[in-house]
Amino acid sequence: MPENPIFIIKGILGYLTFCILLVVQFSATAQEDELKKAPMRLFINCNCDKNYLRQEIKYVGHVRDQAQANITLFIFDIANGSGGRTYDLEFTGSGDYQNISDKLSYDTTANMTSDEVRKGLLKKVQSGLLKYVLESGLAEDITYTVDQSGFAEVQEIDFRDPWNNWIFEVFGSADLGKETSRKDFKYRLGFESDHVTENWRIRTDLGLFKADSEYETDGEIYTSERFQYYADGSIVRSISDHWSSGIFSGLRHDTFTNLDFRYYFQPAIEYNIYPYSEVLRREIVFAYKIGYFHNDYIETTIFNKLEEGVFNHRLDLQVRYRQQWGNIYARIVGSSFLNDFEKNRLQFNSNLNVRLLKGLAVRFASRYEIIRDQINLPSGDASIEDVLLQQKQIATAYQLGFSVGLSYTFGSAFNNIINTRL
């Protein structure tokens, strides 16, 4: 029996409707993909606290290579008339953000602490990034909060890192100096790698150093050669917001310290009274290491040994505050041998920068070290070459240093005019 023409027409119309809907949906998806921008990748070039900016600005991907960035920020600073500095911020977009650029300015005074300066610079950088955030197409996925001053804060956005948080550095340098009675030549080569995540930090440090010196006096020529190579590595694991543990190991050759070859291995544990997320602002950290090292010596030591293995331990306390009133840093390190506690070392370092009142600041720095563990010293008296050219480590019971500074700035705090003319 032939089919009813009405049913045939309805079937054709239904098929055409389905095709139209499919084309419309495909077009909408393609249009949405075209409107979606690439993730923001920011490159910062400045004479500032980059680590602080990276920690506080979490909604962009920070890159170290300008070629990998689609947003570049150059911050130029120069002294201004108030005794502070003027920072010029230049934002430039590329790729999906090519048509977005901006220039901002931020002025500081001599009365501001380093913490006030970096916080103000952070706000200025975040203000310049807002237009990129809105253009990124992620505005609907971000929750904005505006405080009483009208400053917007943006929640963190995940981004992909092709290097998986690894940073590598290869470096080298050479230095030549010559005088009438003295000439020096030294070079240094090295390689460093650093992998940092919320839970892990893996570091490697390789280096080679050589220094040759020649000194002439009263017709006598004294020569010195110092040579050193080393390899250090560590793996640190975050246990919680306050605890972490790690393993440290390495090897070394150093003619200055009479080491023909040394290797060591040290497990460690660390506790921070404050959460690690606040480490750029404040920290009180206790770290304890215990381990073993083995020394092969170039010359027989004052203890008549050419090699020896020692178990040792070390306690390290660090205190650091960066606040509105200034900065304070102190570190105490105590160590000793487990088989002989009389062979020990105590180190103390401190830096204090305090703004006493508007315009008046005082700075203190001190260093003191008690040394009772120089088991590597070669036997016999130091020669004149060793003393003049610092060819070998010399026996000492302590090291001491101290410095103090005071500054007072007054006058106009609002003169931001820049004049570099002679």
Side-chain angles (χ1 to χ4, degrees), residues 182 184 186 188 205-218 220-233 248-268 287-317 331-349 366-402:
R182 187 185 187 105
D184 303 282
K186 57 186 176 182
R188 186 184 302 271
D205 189 3
L206 310 176
L208 174 69
F209 172 76
K210 192 172 192 305
D212 297 327
S213 300
E214 185 178 292
Y215 180 71
E216 181 179 357
T217 179
D218 297 330
E220 296 288 336
I221 297 178
Y222 303 96
T223 60
S224 169
E225 294 184 359
R226 290 177 56 181
F227 181 64
Q228 176 193 81
Y229 66 79
Y230 59 88
D232 298 301
F248 298 78
S249 64
L251 54 90
R252 184 176 301 269
H253 168 84
D254 191 351
T255 57
F256 179 73
T257 55
N258 193 32
L259 291 176
D260 186 40
F261 187 76
R262 180 188 195 190
Y263 64 87
Y264 69 92
F265 177 82
Q266 290 182 317
Y288 179 73
K289 295 181 179 179
I290 185 170
Y292 173 84
F293 67 86
H294 182 89
N295 291 346
D296 289 329
Y297 300 111
I298 300 173
E299 300 179 28
T300 303
T301 68
I302 56 178
F303 297 100
N304 197 31
K305 291 186 177 182
L306 274 174
E307 64 174 288
E308 63 183 320
V310 176
F311 288 92
N312 68 334
H313 65 155
R314 165 176 169 166
L315 180 63
D316 188 345
L317 168 62
R331 183 179 186 182
I332 301 176
V333 182
S335 62
S336 72
F337 298 162
L338 292 179
N339 61 333
D340 187 356
F341 286 95
E342 292 185 358
K343 293 183 173 63
N344 54 62
R345 181 176 297 221
L346 181 64
Q347 306 170 60
F348 174 77
N349 293 278
S366 63
R367 176 179 58 86
Y368 182 62
E369 189 169 354
I370 301 175
I371 304 172
R372 296 172 180 167
D373 60 353
Q374 291 181 295
I375 62 174
N376 55 295
L377 294 175
S379 60
D381 297 330
S383 65
I384 190 171
E385 291 94 337
D386 298 335
V387 176
L388 292 176
L389 303 176
Q390 298 183 348
Q391 185 172 348
K392 296 180 181 179
Q393 189 178 41
I394 307 300
T396 182
Y398 70 92
Q399 292 181 355
L400 175 65
F402 181 78

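One is the number of the first residue; the rest follow in order along the sequence. FYI, side chains are in, hydrogens and waters are out, and symmetry mates aren't considered; it's all heavy atoms of this structure.
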Rounded to the nearest 0.5 angstrom, the CG-CG distance for N312 and N339 is 9.5 Å
What one should report as the nearest heavy-atom pair of Q374 and I302 is O-CD1, 4.0 Å
Angle between ring planes, H253 versus Y229, binned at 30° and 60°: parallel, tilted or perpendicular? parallel
For G334 and L346 the tightest heavy-atom approach is CA-CD1, 4.2 Å
Fill in: Whether E214 side chain and I221 backbone form a donor-acceptor pair below 3.5 Å
no
Output, in order, the C-alpha distance, side-chain angles, deciding distance and verdict of side-chain contact (heavy atoms from CB on, under 4.5 Å) for Y230 and L259.
CA-CA 11 Å; Y230 59 88; L259 291 176; over 6 Å; no
field: R182 bridged to D184 by N-O distance under 4.0 Å
entry: yes
Does any N or O in the side chain of D254 come within less than 3.5 Å of the main-chain N or O of F256, such that one atom is a donor and the other an acceptor? yes
Should I371 and Q399 be marked as a side-chain contact (heavy atoms from CB on, under 4.5 Å) after you check the CA-CA gap, both sets of side-chain angles, and the distance that decides it?
CA-CA 8 Å; I371 304 172; Q399 292 181 355; 4.1 Å; yes
(Q) Are the side chains of D212 and T223 in contact, using a 4.5 Å heavy-atom criterion? (A) no
Closest non-hydrogen contact found for P267 with G291 is CD-CA, 4.4 Å
- Task: Taking the side chain as every heavy atom from C-beta outward, state whether D232 and F248 have any atom pair closer than 4.5 Å.
- Result: no
- Query: Is there a donor-acceptor pair closer than 3.5 Å between any side-chain N or O of D340 and the backbone N or O of F337?
  - Reply: no
On a heavy-atom basis, the closest approach of A268 and K289 is CB-CG, 3.4 Å
Can you tell me if S213 uses its side chain to pair, donor with acceptor, with the backbone of S224 under 3.5 Å?
no
Worksheet entry | P378 side chain reached by Y297 side chain, heavy atoms, under 4.5 Å | no
**Message:** For D296, is there any backbone N or O sitting under 3.5 Å from a side-chain donor or acceptor partner on D260?
**Reply:** no
Evaluate N258 against L377 for side-chain contact (heavy atoms from CB on, under 4.5 Å), listing each step before the verdict. CA-CA 7 Å; N258 193 32; L377 294 175; over 6 Å; no
Value for CZ (F348) from CG (L317), rounded to nearest 0.5 Å, stands at 10.0 Å
Residues I375 and F303: closest non-hydrogen pair is CA-CE1, 3.8 Å
Checklist entry - Does CG in N304 sit with more than 12 non-hydrogen atoms of other residues, nucleotides or ligands closer than 6.0 Å? => result no
- Message: Closer than 4.0 angstrom, basic N to acidic O: yes or no for R372 and E342?
- Response: no
*Check against side-chain contact (heavy atoms from CB on, under 4.5 Å), L400 and F402*: CA-CA 7 Å; L400 175 65; F402 181 78; 5.7 Å; no
In this structure, CZ of R314 is separated from CG of N344 (nearest 0.5 Å) by 13.5 Å
Interatomic distance, CD@Q347 vs CZ@R331, rounded to 0.5 Å, equals 7.5 Å
Interatomic distance, OH@Y215 vs OH@Y222, rounded to 0.5 Å, equals 9.0 Å
Can you confirm whether more than 12 heavy atoms, excluding those of K210, are under 6.0 Å from its NZ atom? yes
- Using modelled atom types only, decide if a donor and an acceptor are shared between the side chain of D316 and the backbone of A287 within a distance under 3.5 Å. no
Only one of Y263, F293, F265 passes side chain to side chain contact (heavy atoms under 4.5 Å, CB included) with S249, and that residue is F265
Checking R262, K305, E308, E307 against N295 for side chain to side chain donor-acceptor pair (under 3.5 Å), the one that qualifies is R262
Between F341 and L338 the two heavy atoms that sit nearest each other are CE1-O, 3.7 Å
